[in-house]
Amino acid sequence: MKTALILNGPNLNLLGTREPQVYGSQTLADVEALCERACQANGFTLDFRQSNHEGTLVDWLHEAGRLHAQGKLAGVILNAGAYTHTSVALHDAIKGTGITLIELHISNVHAREAFRHHSYISPAAKAVMAGFGVNGYALAVAGLAGMQ
């Protein structure tokens, strides 16, 4: 069984309390449970992680590249948070590893502040999801299954 690696970037540990009018009231633990159910339904093992540190996310993408090369990884779903709009390092890590990656946003970033309209992740991603709330995670898992 292949693994779906779901990576969450900075401030996603604050889900449920940070701007609930934008991000909803569900916690990151609720999102992980949702992803576990989605992975079971789509035949994946779940590996769910969160870090506020860019370098840690880069290291995890490199790890994903090794798993991909071994045929053990279905792909990565990445909610890079604010790093979406700033991180060339994450872009380079995605391109350098050859992984299948879905960029995910809980909110519709294009309906928000102008600085959120640009993504360094999108050019390296296989697909982009935004604006479905936390249910976007389950949709992304199903999308990943469709890419297999």
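From a predicted model like this one, the values you see are computed outputs, not experimental measurements.
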**Message:** If the condition is salt bridge (Lys or Arg N to Asp or Glu O under 4.0 Å), which residues does Arg49 pass it with, not counting sequence neighbours?
**Reply:** Asp47, Glu63
Pairing residues for [X] by the side chain to side chain contact (heavy atoms under 4.5 Å, CB included) criterion, not counting sequence neighbours:
X	result
Thr86	Tyr83
Asp59	none
Thr100	Lys126, Leu144, Met147
Ala41	none

Could you list the donor-acceptor pairs under 3.5 angstrom formed by side chains in residues 133-142, with sequence neighbours left out?
from   : atom 1 : to    : atom 2 : distance (Å)
Tyr137 : OH     : Asn8  : OD1    : 2.6
Tyr137 : OH     : Asn79 : ND2    : 3.1

**Message:** With a 4.5 Å cut-off on side-chain heavy atoms, are Thr3 and Leu46 touching?
**Reply:** no
**Request:** Check whether any side-chain heavy atom of Leu61 lies under 4.5 Å from a side-chain heavy atom of Leu101, and answer yes or no.
**Result:** yes
**Asked** For Asn42, which residues count as a side chain to side chain donor-acceptor pair (under 3.5 Å) partner, sequence neighbours excluded?
**Response** none
**Message:** Please enumerate all residues that pass side chain to side chain donor-acceptor pair (under 3.5 Å) together with Gln148, with sequence neighbours excluded.
**Reply:** none
**Request:** Share the residues that join Leu14 in a hydrophobic cluster, the rule being Ile, Leu, Val, Met, Phe, Trp or Tyr side chains under 4.5 Å apart at the heavy-atom level.
**Result:** none
**Prompt:** Under a 4.5 Å side-chain heavy-atom rule over Ile, Leu, Val, Met, Phe, Trp and Tyr, are Phe44 and Ile99 clustered together?
**Reply:** no
**Asked** Stepwise, does the side chain to side chain contact (heavy atoms under 4.5 Å, CB included) test hold for Leu5 with Leu67?
**Response** CA-CA 10 Å; Leu5 176 59; Leu67 292 171; 5.7 Å; no
Taking [X] for its side chain and [Y] for its backbone only, find out whether a donor-acceptor pair lies under 3.5 Å.
X	Y	result
Gln50	Gly9	yes
Asn13	Ser51	no
Ser87	Thr84	no

**Request:** With sequence neighbours excluded, tell me which residues meet ring pair (Phe, Tyr, Trp, His ring centres under 6.0 Å) with Tyr120.
**Result:** His118
**Request:** Give every residue pair that meets the ring-ring contact (aromatic ring centres under 6.0 Å, His included) criterion with at least one member in residues 57-77, sequence neighbours excluded.
**Result:** none
**Request:** Among residues two or more places apart or on two chains, list those pairs meeting salt bridge (Lys or Arg N to Asp or Glu O under 4.0 Å) that have a residue in residues 92-106.
**Result:** none
